Number of protein chains: 2
Amino acid sequence: MKILSNGSAYGLRALLYLAAKGDTREFVSIGEISEQLDISFHFLTKVLQSLSQKDILVSYRGPNGGVALARAPETIRLSEVVLILEGEDYFEKCLLGLPGCGDQAPCPMHYRWKHWKASIRSEFESTTLADLKEPELLKHLRWAT
Amino acid sequence: MKILSNGSAYGLRALLYLAAKGDTREFVSIGEISEQLDISFHFLTKVLQSLSQKDILVSYRGPNGGVALARAPETIRLSEVVLILEGEDYFEKCLLGLPGCGDQAPCPMHYRWKHWKASIRSEFESTTLADLKEPELLKHLRWAT
DNA sequence: TTGTTTTAAGATTTAATAGTCTGAAAACTG
DNA sequence: CAGTTTTCAGACTATTAAATCTTAAAACAA
């Protein structure tokens, strides 16, 4: 059950890395993040770029440059990040992929699916980066030492 | 939020079509299903073949041949179908895509995700084709008339 | 100013998914 | 038997997602 694309997962991991790293508002280079989390540098750059364009990150070029959270971790909700990276219709899609499915013309799975989707959505909306910040982060944001 | 591949969605729709079509144990041609549900014939053939190899469908060649449910709709659970079409590890994957994530080395989302996954899984396990059988099926298994 | 470090932008390549096509093999029909 | 209808098996093509590469632009440092 893959509900996030690689890009979204990478983006979330990078944000959690930043959130956990510290309250020091210093820029962290994408090189460091990609190395620590073992994510392709160029691909991660692209993902983080789209977060920089949307008030999730701020970026700065040159030596000692990098990216930093644009706002306090308490105010960055998972839902916001996912909608940016996966598209605004992320929570709208029919389980069976039927474009016309909805309350008017529900597919056989519609109401059940609607229910699960809503519960995941509300979790994503009520969970912020701060809620997931943890001390042992590095150990848990990559798959090997 | 696309949690099923196109192939799985097509397979489920075809099964629901068969289930709703009738308790008459007649073979229904894949041509009819693909036409009624507006799914590529050849692609659907491939999907249904893998269900025929796994005791979900039985198939028969020649005139008046086709496919039919191998068992009563009450006994065919969504989870079974999805595991066949998406792979046995469908309910095992980490939200952030980390291969080593688990109770021993949980990623920041692990326990939340584990919880949601379990609830969807149990719904898939307790829902059978019979539960989803509905009279107005055709209207709701395709997106246009 | 020249060189280094960093993000930005976008072209290109690779891999995975989705979909198409062709030629069988099985079962029926006359 | 010859011809038709169907599934079966696998090669092939197309589309999208994922990853890489290249060149630029911004910021700093000597």
Side-chain angles (χ1 to χ4, degrees), chain A residues 1-14 18 26-54 56-70 82 85-87 89-90 93 96-99, chain B residues 1-14 18 26-54 56-70 82 85-87 89-90 93 96-99:
Chain A
M1 180 159 41
K2 184 174 183 171
I3 81 170
L4 294 179
S5 67
N6 288 5
S8 304
Y10 294 165
L12 279 176
R13 283 166 64 201
L18 289 172
E26 280 177 357
F27 289 106
V28 178
S29 78
I30 300 177
E32 172 185 330
I33 304 174
S34 76
E35 209 169 281
Q36 290 298 310
L37 303 187
D38 199 46
I39 298 171
S40 147
F41 168 74
H42 286 100
F43 191 32
L44 183 60
T45 293
K46 206 153 44 170
V47 173
L48 298 190
Q49 262 172 42
S50 58
L51 295 177
S52 298
Q53 290 161 353
K54 287 283 181 58
I56 303 290
L57 292 175
V58 288
S59 64
Y60 202 78
R61 301 196 230 200
N64 300 313
V67 293
L69 296 181
V82 166
L85 296 176
E86 296 281 342
D89 61 345
Y90 183 68
K93 294 177 193 153
L96 298 179
L98 298 165
Chain B
M1 179 159 40
K2 183 174 181 170
I3 80 168
L4 294 179
S5 66
N6 288 7
S8 303
Y10 294 165
L12 278 177
R13 284 166 63 202
L18 289 172
E26 278 177 357
F27 289 105
V28 178
S29 79
I30 300 177
E32 171 185 330
I33 304 174
S34 76
E35 210 170 281
Q36 290 298 311
L37 302 187
D38 199 44
I39 298 172
S40 147
F41 168 73
H42 286 102
F43 192 32
L44 184 59
T45 294
K46 208 155 41 170
V47 173
L48 298 191
Q49 262 173 41
S50 57
L51 295 177
S52 299
Q53 290 160 352
K54 285 286 183 56
I56 302 290
L57 292 174
V58 287
S59 64
Y60 202 79
R61 300 197 229 201
N64 300 315
V67 293
L69 296 181
V82 166
L85 296 176
E86 296 280 342
D89 60 346
Y90 183 68
K93 293 179 194 151
L96 298 179
L98 299 165

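Every chain is numbered from 1 and lettered A, B, ... according to where its sequence line falls, protein lines coming before strand lines. Values in this document were obtained by computation on a predicted structure and should not be read as measured data.
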Test side chain to side chain contact (heavy atoms under 4.5 Å, CB included) on A:Ile39 and A:Ile33 and set out the steps. CA-CA 8 Å; A:Ile39 298 171; A:Ile33 304 174; 5.8 Å; no
Atom-pair distance ([atom1] on [X]; [atom2] on [N]), nearest Å:
X       : N      : atom1 : atom2 : result
B:Leu85 : C:dA18 : CG    : C1'   : 14 Å
A:Leu57 : C:dT7  : CG    : P     : 11 Å
A:Leu51 : C:dT7  : CG    : P     : 14 Å
A:Phe41 : C:dA9  : CZ    : C1'   : 13 Å
B:Phe27 : C:dA26 : CZ    : C1'   : 13 Å
B:Gln49 : C:dA24 : CD    : P     : 17 Å
A:Glu26 : C:dT6  : CD    : P     : 14 Å
A:Phe43 : C:dG10 : CZ    : P     : 17 Å

Worked check of side chain to side chain contact (heavy atoms under 4.5 Å, CB included) between B:Leu18 and B:Leu57: CA-CA 10 Å; B:Leu18 289 172; B:Leu57 292 174; 3.6 Å; yes
First of A:Leu44 and B:Lys46 reached from the 5' end of DNA chain D, by closest nucleotide: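 Between the two, 5'-proximity favours B:Lys46.
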Can you tell me which nucleotide in D:dT7, D:dC8, D:dA19 comes closest to the side chain of B:Ile30?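 It is D:dT7.
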What heavy-atom pair brings [X] and [Y] nearest, and what distance separates the two atoms?
X       : Y       : result
A:Ala14 : A:Leu44 : CB-CD1, 4.2 Å
B:Gly7  : B:Val47 : O-CG1, 3.5 Å
A:Ser52 : A:Ser59 : OG-CB, 4.0 Å

Measure the shortest side-chain to side-chain distance between A:Phe27 and A:Val58 over non-hydrogen atoms and say whether it is less than 4.5 angstrom.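 Yes, side chains in contact.
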Take B:Leu85 and B:Ser50 through the test side chain to side chain contact (heavy atoms under 4.5 Å, CB included) and record every step on the way to the result. CA-CA 8 Å; B:Leu85 296 176; B:Ser50 57; 3.5 Å; yes
Would B:Tyr90 and B:Ile3 satisfy side chain to side chain contact (heavy atoms under 4.5 Å, CB included), going step by step from the backbone distance to the final call? CA-CA 10 Å; B:Tyr90 183 68; B:Ile3 80 168; 3.7 Å; yes
Protein-proximity profile, nucleotides 22-30 of chain D, B/S/- by nucleotide at the 4.0 Å heavy-atom cutoff, equals B--BBBS--
For the backbone of A:Met1 and the side chain of B:Glu86, can you confirm whether one donor and one acceptor N or O come within less than 3.5 Å of each other?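 No, the answer is negative, given that no donor and acceptor are paired below the 3.5 Å cut-off.
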Just checking A:Glu32: base, sugar-phosphate only, or nothing, at a heavy-atom cut-off of under 4.0 Å?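 Answer is nothing: A:Glu32 stays at 4.0 Å or more from every strand.
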Can you tell me if the side-chain N/O atoms of [X] get under 4.0 Å from OP1 or OP2 in [N]?
X       : N      : answer
A:Ser40 : D:dT20 : yes
B:Ser59 : D:dT6  : no
B:Gln53 : D:dA9  : yes

Listed pairs, N/O of protein and of nucleotides 13-17 of chain D, under 3.5 Å:
none

